[in-house]
Amino acid sequence: MKSAVETLNPTRVRLTVEVPFEELKASLDAAYKKINQQVTVKGFRSGKIPARVIDQRFGRGAVLEEAVNDALPKFYTEAVNEADLNPLGQPEVDITELKDGELLAFTAEVDVRPTLEIPDYSGIEVTVDPVEVTDEDIEKSVEQLRERFATTSPVERAAAEGDIVTVDLEAKVDGEVLEDGVASDVDYTIGSGQLLDGIDEAVKGLEAGASATFTSQLKGGSAEGKDAEIKVDVKSVKARELPELDDDFAQLASEFDTLDELKADSRKRLERMKKFDQATQAQEKVLDELIKLVEVPMPEKLLEDEVNTRKHNLEHHQLGQIGMDLDKYLEMQGKSVEEFEAELKEQAEKGIKTQFILDEIVNKEKVSVGQDELTEHLVRRAQSSGMSPDQFAQAVVEQGQVPMLVGEVARGKALATVVEAATVKDTNGEVVDLEDEDEAAEAAEAGETVEAADETTEA
């Protein structure tokens with residue numbers, strides 16, 4: 001077999017391949033055997049029809065077509081390996097010559113991974129938020145904990161902000177009660193904004209047993225988007241009572257004996273969270289700067305496929321699971337179709353560039369992935385997918401996606417290498433120490449810094 005490579009542009013090549021006919025013998029034999037099993041000829045036992053009879057009855061062309069279809073993937077792979085190419089996606093194959101007994105010639109155009117020059121990235125400098133925990137942060141954290149231990153009790157007074165009312169609702173459109181517009185014994189916290197626009201004003205000042213009507217635009221159901229007349233009957237009013245902030249509360253809500261100990265623990269916890277966020281922010285900003293440094297030719301077919309994949313996943317998985325279509329989603333986001341598609345293309349481009357660049361650094365820095373690292377990453381991916389580690393691991397193996405996971409871990413480590421070489425300062429001008437490898441790894445996972453690149457692996 002002879003092959004040659006023509007570079008069409010930095011991300012696409014054309015392979016020209018010539019195969020001597022004798023190299024098709026194995027595929028021809030397989031073609032005759034396959035046709036033998038599929039047809040019957042009077043006078044011959046099944047599977048024992050001579051090749052000359054098959055040629056006479058069904059045509060030599062049908063045999064050649066079957067043989068060529070069987071052989072092409074093998075010859076294409078050999079040509080790719082011989083040229084040391086990194087193809088992206090499926091090739092566009094064109095058979096240019098097929099001479100029975102003499103020659104098979106074909107061309108294959110395919111996108112290839114571009115060759116990248118990774119410049120010195122040690123000069124990257126980024127600025128991140130400082131790790132500062134204020135007294136107000138502590139008070140807010142403790143107050144949130146206090147809210148969790150709030151109790152409710154019935155009151156014989158008019159409903160006010162923050163109270164919990166139990167109500168019956170009835171919605172009418174054009175004077176007719178909707179079939180799905182009636183609800184009973186609905187608990188609602190006044191001021192939460194989690195039910196219908198206008199209900200807060202309607203129920204404030206009402207006691208148990210009182211009713212009111214108001215107009216509101218329906219957010220769901222058969223008359224979604226229409227204005228409806230809503231009747232609300234207040235059945236009960238309950239006041240929320242918060243526990244006193246003292247040592248008894250600390251003992252109730254935590255393992256600590258005093259409120260001061262609880263607050264001190266809250267401070268430590270908030271500091272860890274802010275360091276976590278700071279590490280993630282550093283990685284995201286360093287990645288953005290790294291992408292600016294490297295010129296990445298964009299394979300148009302790969303980009304088109306990635307955009308389509310992301311759009312399909314959004315429409316049929318993310319939105320489909322919550323019963324929403326794309327038009328409604330765009331309306332809620334306040335985006336036009338053109339703005340959405342431009343944003344999707346920008347995200348896809350960044351994802352492809354991220355993967356190409358980090359893969360190049362993996363090769364350049366000879367990044368390796370240990371079994372423990374792969375297992376830890378698998379467990380995290382399993383948690384995010386809602387599967388057990390064993391189930392997720394089985395699915396990964398069955399679908400042949402182990403190399404994909406290894407690539408994800410390697411790219412994460414490559415990014416960590418770049419972050420370590422960069423200068424990271426907070427807005428106070430202080431140099432940020434990100435040398436805690438465990439914390440940095442967790443931040444990379446939780447922050448999904450290389451999420452776009454990982455998603456692109458499928459394409």
Side-chain angles (χ1 to χ4, degrees), residues 134-254 259 262-263 266 269-270 273 319 321-324 328-334:
T134 65
D135 290 341
E136 288 76 12
D137 293 331
I138 304 299
E139 295 303 325
K140 182 179 179 181
S141 175
V142 173
E143 190 62 28
Q144 289 173 343
L145 183 61
R146 188 184 180 203
E147 291 278 350
R148 289 172 52 191
F149 286 86
T151 59
T152 60
S153 58
V155 292
E156 295 182 2
R157 60 165 174 77
E161 187 84 7
D163 286 344
I164 299 175
V165 290
T166 301
V167 299
D168 291 342
L169 297 167
E170 181 184 82
K172 291 181 179 180
V173 173
D174 298 329
E176 296 291 330
V177 177
L178 299 172
E179 288 187 9
D180 55 354
V182 178
S184 301
D185 296 325
V186 177
D187 288 334
Y188 174 67
T189 301
I190 299 176
S192 66
Q194 295 179 345
L195 201 52
L196 292 166
D197 293 338
I199 192 172
D200 289 339
E201 293 75 11
V203 297
K204 282 181 186 177
L206 297 185
E207 297 183 9
S211 301
T213 59
F214 63 98
T215 300
S216 182
Q217 188 178 83
L218 298 178
K219 298 179 180 179
S222 61
E224 180 181 2
K226 292 185 178 180
D227 288 338
E229 182 184 275
I230 312 294
K231 180 186 177 186
V232 54
D233 298 321
V234 178
K235 302 178 74 172
S236 68
V237 180
K238 297 176 183 177
R240 299 178 73 253
E241 298 178 4
L242 297 174
E244 293 292 329
L245 282 178
D246 52 23
D247 292 345
D248 290 339
F249 169 70
Q251 295 168 21
L252 171 69
S254 70
L259 184 60
L262 174 60
K263 288 184 176 181
S266 295
R269 179 172 52 83
L270 289 173
M273 290 175 61
L319 297 180
Q321 288 177 354
I322 59 175
M324 184 183 297
K328 183 65 176 177
Y329 170 76
L330 294 180
E331 181 183 335
M332 292 178 62
Q333 294 289 315

Could you report the tightest heavy-atom contact between Ala150 and Leu242, atom names first, then the distance?
CB-CD2, 3.5 Å
Distance in Å, Glu170 CD paired with Glu229 CD, rounded so as to fall on 0.5 Å steps
9.0 Å
Output for pair (Leu259 CG, Asp248 CG), nearest 0.5 Å, gives 10.5 Å
Would you indicate whether the side-chain heavy atoms of Leu218 and Leu178 approach each other to under 4.5 Å?
yes
Show me the pairs that pass side chain to side chain donor-acceptor pair (under 3.5 Å) and involve residues 195-214, at least two apart or across chains.
Glu161-Lys204, Tyr188-Asp200, Ser211-Asp233
Shortest non-hydrogen contact between Phe149 and Pro243, atoms and distance:
O-CD, 3.7 Å
Got a sec: does the CE of Met273 have more than 12 other heavy atoms crowding it under 6.0 Å?
no
Atom of Arg157, atom of Asp163 and distance for their closest heavy-atom approach:
NH1-OD2, 2.7 Å
Donor + acceptor pair across side chains of Thr189, Gln194 (<3.5 Å):
no
CG/Asp187 to OG/Ser236 distance, rounded to the nearest 0.5 angstrom?
7.0 Å
Sequence neighbours excluded, which residues qualify as side chain to side chain contact (heavy atoms under 4.5 Å, CB included) partners of Lys226?
Val173, Ala223
May I ask you to check whether Ser141 and Arg269 show a side-chain donor-acceptor distance below 3.5 Å?
yes
For Ser266 and Ile138, the nearest pair of non-hydrogen atoms, with its separation, is C-CD1, 4.1 Å
State, with a plain yes or no, whether a side-chain heavy atom of Leu262 is found less than 4.5 Å away from one of Leu145.
yes
With sequence neighbours left out, the residues meeting side chain to side chain donor-acceptor pair (under 3.5 Å) with Glu224 are Lys328
Rounded to the nearest 0.5 Å, what separation is found between the OG atom of Ser216 and the CD1 atom of Ile230?
6.0 Å
Correct closest heavy-atom pair for Ala212 and Ala202 would be CB-O, 3.7 Å
Salt-bridge test for Lys140 and Glu143: reply yes if a basic N is under 4.0 Å from a carboxylate O, no otherwise.
no
Asp168 and Asp185: side chain to side chain contact (heavy atoms under 4.5 Å, CB included), yes or no, with the steps?
CA-CA 6 Å; Asp168 291 342; Asp185 296 325; 4.0 Å; yes
Kindly give the heavy-atom pair with the smallest separation between Arg146 and Phe249, and that separation in Å.
CA-CZ, 3.6 Å
Among all residues two or more places apart in sequence or in another chain, which pass the side chain to side chain donor-acceptor pair (under 3.5 Å) test with Asp137?
Thr134
For the residue pair Thr215 / Asp227, report whether a side-chain donor-acceptor contact shorter than 3.5 Å exists.
no
Lys172: which residues meet the side chain to side chain donor-acceptor pair (under 3.5 Å) condition with it, sequence neighbours left out?
none
Measuring from Leu195:CG to Lys219:NZ, what's the distance to the nearest 0.5 Å?
7.5 Å
Can you confirm whether Ile199 sits close enough to Leu169 that some side-chain heavy atom of one is under 4.5 Å from a side-chain heavy atom of the other?
yes
Out of curiosity, Arg240 CZ to Ile190 CD1, how far, rounded to the nearest 0.5 Å?
12.0 Å
Mind checking what makes side chain to side chain donor-acceptor pair (under 3.5 Å) contact with Glu331, not counting sequence neighbours?
none
